[in-house]
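Working notes, structure below.
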Amino acid sequence: MTDDTRSFVEEARRAKLDELRAAGIEPYGYAFKRTSTAAAAVAAYDDAMGEDGPEVAVAGRLVSYRRQGKTAFAHLEDVSGRVQLYFRQDALDAAWGLVQLLDLDDHVGVHGRVFRTRTGEVTVRVTAVELLAKSLRPLPRGKTQVTESGETVTFGGLADSEVRYRQRYADLAVHAEVREVFRLRARAVSWLRKFLDERGFLEVETPILQPLYGGAAARPFVTHHNTLDMPLFLRIADELYLKRLLVGGLERVYEIGHDFRNEGMDRTHNPEFTMLECYQAYADYRDMMDLTEAMVSGLVEHCCGTLRLERGDAVLDFTPPWPRVSFVEGVRLQSGLDVCEATDAEMRARLARTGVPREEAETFSGGKLQDEMFKAFLEPGLIQPTFVVDYPKALSPLAKPHRADARLTERFELFVQGRELANAFSELNDPDDQRRRFEDQARQRAEGDDEAQQHDADYIRAMEYGMPPAGGLGVGVDRLLMVLTGLPSIRDVILFPAMRPE
RNA sequence: GGGGGCGUAGCUCAACUGGUAGAGCAACGGGCUUUUAACCCGUAGGUUCUGGGUUCGAGACCCAGCGCCCUCACCA
């Protein structure tokens with residue numbers, strides 16, 4: 001920030017910075033040997049110790065500061081929590097000058113004995129203080145206010161959600177509960193790794209920059225490689241590379257990483273997002289359903305301590321087994337139409353009655369209409385964890401035909417709160433069938449569907465060597481986190497969500 | 001992309017029908033050696049998102065733009 005846009009608060013802090021340097025005090029320290037976290041310092045005190053609790057050295061950020069003549073009280077916050085500090089001029093001598101130049105948000109390290117104040121709070125009586133980092137810019141804290149009922153309410157210091165996402169560092173610094181969300185995220189992801197590792201899955205890394213993109217229906221981000229002088233795409237899915245590994249004899253593989261889709265952004269879509277994909281040779285989609293049920297219910301239990309999550313009026317119950325609804329049958333029950341038998345015209349007419357604009361419905365055909373029917377009639381009602389199974393063939397170019405019904409594929413998706421959380425199928429392993437499906441996609445692309453999949457000849461070649469039958473599963477990790485935390489926006493579970501530049 | 005809402009001090013918000021931009025907290029100065037929403041006295045702090053327009057006069061009304069949120073669409 002330039003001088004002329006600096007606030008008076010910042011000017012005041014810079015004046016103190018200059019004063020500190022003039023006094024020979026370096027305002028940015030190198031390190032501090034702490035003996036204890038804030039929480040441990042508090043826990044180490046016992047009332048039998050009286051005024052002579054243990055000597056501790058703690059470091060952290062000042063989150064409150066109350067000066068009172070020749071004394072001052074402050075709260076220091078570190079990763080563990082908070083501890084109160086008590087400064088006295090007569091206990092600090094020369095360092096008292098530094099204490100008077102402290103501000104909220106400064107990082108300090110202090111030494112002192114722990115005691116309990118008259119008002120009952122366990123506190124460090126500071127005998128030495130070091131400034132570790134001067135804060136020049138006040139954190140946007142909200143004011144707190146006590147309501148009539150005596151409750152303390154903090155008005156979101158960063159009620160402005162834009163600032164929270166743009167300056168996540170400030171959001172995290174001010175909101176312990178936000179830090180907790182991302183701790184939970186880390187615990188969830190490492191639990192998922194452990195879950196798959198224990199079942200013999202090998203974690204692998206596949207290319208993010210790809211000459212061809214595939215494995216999903218989405219528009220890609222395009223970049224350019226200078227030396228090769230060729231376009232490269234940021235992957236929209238891991239799928240096609242992971243299945244090549246099945247050909248190579250890595251029977252169980254998984255990857256947790258970012259996919260990139262150049263599409264709309266909203267509460268449930270970020271341009272880059274975390275996807276977990278796993279593939280298991282000699283398994284089919286029923287095996288993957290069992291795996292999904294075990295994985296998600298285990299994760300919910302691990303992260304939330306229960307299988308029943310209260311979300312508004314609803315209680316989401318993750319206790320297995322979860323209901324399984326046939327795509328075609330489910331849509332038929334809600335709409336009266338069998339999407340495998342109905343004509344496009346019938347589906348258009350049915351959709352028109354639900355509020356889908358007619359002129360828009362006119363542009364849909366085939367698989368797109370079937371999908372619209374599903375979204376209009378079945379998806380919104382899928383609040384409890386539910387598997388939707390056996391998707392029409394037109395919707396699933398990478399899935400194996402259903403062994404009992406040629407119109408369908410062996411595919412399922414998991415829905416919770418009306419949102420897709422996971423997608424899986426018995427993987428197509430017939431190279432000739434796969435080639436025909438790619439050719440279909442090419443025709444759709446020629447007809448203007450820019451999300452149709454590209455023909456991947458190398459993938460076909462791999463399959464021609466013989467790909468074992470396999471079950472594959474993709475899980476949207478961010479959306480899973482939304483369910484675990486109950487947070488309403490994908491931005492709330494991504495540290496640095498995509499934003500327009502300021 | 002369509003529709004709706006919002007944008008005022010560092011933060012949270014006021015400002016009637018168009019009539020001198022305010023408060024609390026934070027900041028700064030003074031006082032106070034066990035406070036914790038500290039307290040008391042005082043001071044300072046504004047491109048009312050940006051650019052046009054209407055008007056004697058615009059934070060408010062009109063137009064355009066920017067940003068964010070909600071919603072619909074797109075996005076399996």
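Values reported hereafter were calculated over all heavy atoms of this structure, with side chains retained and with hydrogens, waters and symmetry mates removed.
- For A:Lys70, taking side-chain heavy atoms from C-beta onward, the closest of the listed nucleotides B:rU35, B:rU33, B:rC75 is B:rU33.
- A:Lys16 pairs by the salt bridge (charged side-chain N to carboxylate O under 4.0 Å, His left out) definition with A:Asp103, not counting sequence neighbours.
- Using a 4.0 Å heavy-atom distance criterion, A:Phe374 is classed as making no nucleic acid contact.
- One atom, CD of A:Glu11, and another, C1' of B:rU43, lie 17 Å apart when rounded to the nearest Å.
- Listed nucleotides B:rC75, B:rU33, B:rU34 differ in distance to A:Lys375; the shortest reach to its side chain belongs to B:rC75.
- When the salt bridge (charged side-chain N to carboxylate O under 4.0 Å, His left out) test is applied to A:Glu439, no partner is found at least two apart in sequence or on another chain.
- Partners of A:Asp90 under the salt bridge (charged side-chain N to carboxylate O under 4.0 Å, His left out) rule, at least two apart in sequence or in another chain, are A:Arg88.
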I'd like a table of atom pairs between the protein and nucleotides 38-40 of chain B - only N or O on both sides, under 3.5 Å - with the distance next to each one.
residue : atom : partner : partner atom : Å
B:rA38  : N6   : A:Arg67 : O            : 3.4

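- Contacts of A:Gln89 with the nucleic acid, taken as non-hydrogen atoms under 4.0 Å apart, are absent.
- Residues from residues 387-402 of chain A that place a heavy atom under 4.0 Å from any atom of RNA chain B, listed by number: A:Leu395.
- Inter-residue side-chain proximity for A:Leu20 and A:Leu131 is flagged as met; some heavy-atom pair is nearer than 4.5 Å.
- Checking B:rC32, B:rC28, B:rU34 against every side-chain atom of A:Tyr86, the shortest atom distance belongs to B:rU34.
- In this structure A:Asp259 satisfies the salt bridge (charged side-chain N to carboxylate O under 4.0 Å, His left out) test together with A:Arg235, sequence neighbours excluded.
- The base of B:rU35 lies close enough to the side chain of A:Thr117 for a donor and an acceptor atom to sit less than 3.5 Å apart.
- Cation-pi geometry between A:Arg168 and A:Phe496 is not met at under 6.0 angstrom from the ring centre and within 45 degrees of the axis.
- Closest to the A:Thr71 side chain, of the nucleotides B:rC74, B:rU33, B:rU35, is B:rU33.
- Using a 4.0 Å heavy-atom cutoff across all strands shown, A:Glu51 reaches at least one base atom of the nucleic acid.
- Of the candidates B:rU34, B:rC28, B:rU33, B:rU34 carries the atom nearest the A:Arg125 side chain, counting heavy atoms from C-beta on.
- Base pairing of B:rA27 is made with B:rU43, judged by Watson-Crick or G-U wobble geometry with both donor-acceptor distances under 3.5 Å.
- Distance, A:Gln84 CD to B:rU34 C1': 9 Å, rounded to whole Å.
- If you check distances only, the side chain of A:Asp266 never reaches the base of B:rC75 with a donor-acceptor pair under 3.5 Å.
- For the pair A:Arg21 and A:Glu19, the salt-bridge criterion is not met [side-chain N within less than 4.0 Å of a carboxylate O].
- Pairing for B:rC16 is absent, with no Watson-Crick or G-U wobble pair whose two atom distances lie under 3.5 Å.
- By the side-chain hydrogen bond (donor to acceptor under 3.5 Å, both in side chains) test, A:Glu410 is found to be paired with A:Arg403, A:Ser426, residues two or more places apart in sequence or in another chain being considered.
- Side-chain proximity of A:Thr123 to B:rU34, B:rU35, B:rC74: nearest is B:rU35.
- The side-chain hydrogen bond (donor to acceptor under 3.5 Å, both in side chains) search around A:Glu121 returns A:His75, not counting sequence neighbours.
- Across all strands shown, the partner of B:rG1 is B:rC72, judged by Watson-Crick or G-U wobble contacts whose two distances both fall under 3.5 Å.
- Among the nucleotides B:rC75, B:rC28, B:rU34, the one closest to the side chain of A:Ala12 is B:rC28.
- Among the heavy atoms of the strands lying under 4.0 Å from A:Arg411 is at least one base atom, whether or not backbone atoms are also near.
- The pairing partner recorded for B:rC6 is B:rG67, the criterion being a Watson-Crick or G-U wobble arrangement whose two distances lie under 3.5 angstrom.
- Residues forming a ring-ring contact (aromatic ring centres under 6.0 Å, His included) with A:Phe87 (at least two apart in sequence, or on another chain): none.
- B:rA27 atom C1' lies 11 Å from atom CG of A:Leu104, rounded to whole Å.
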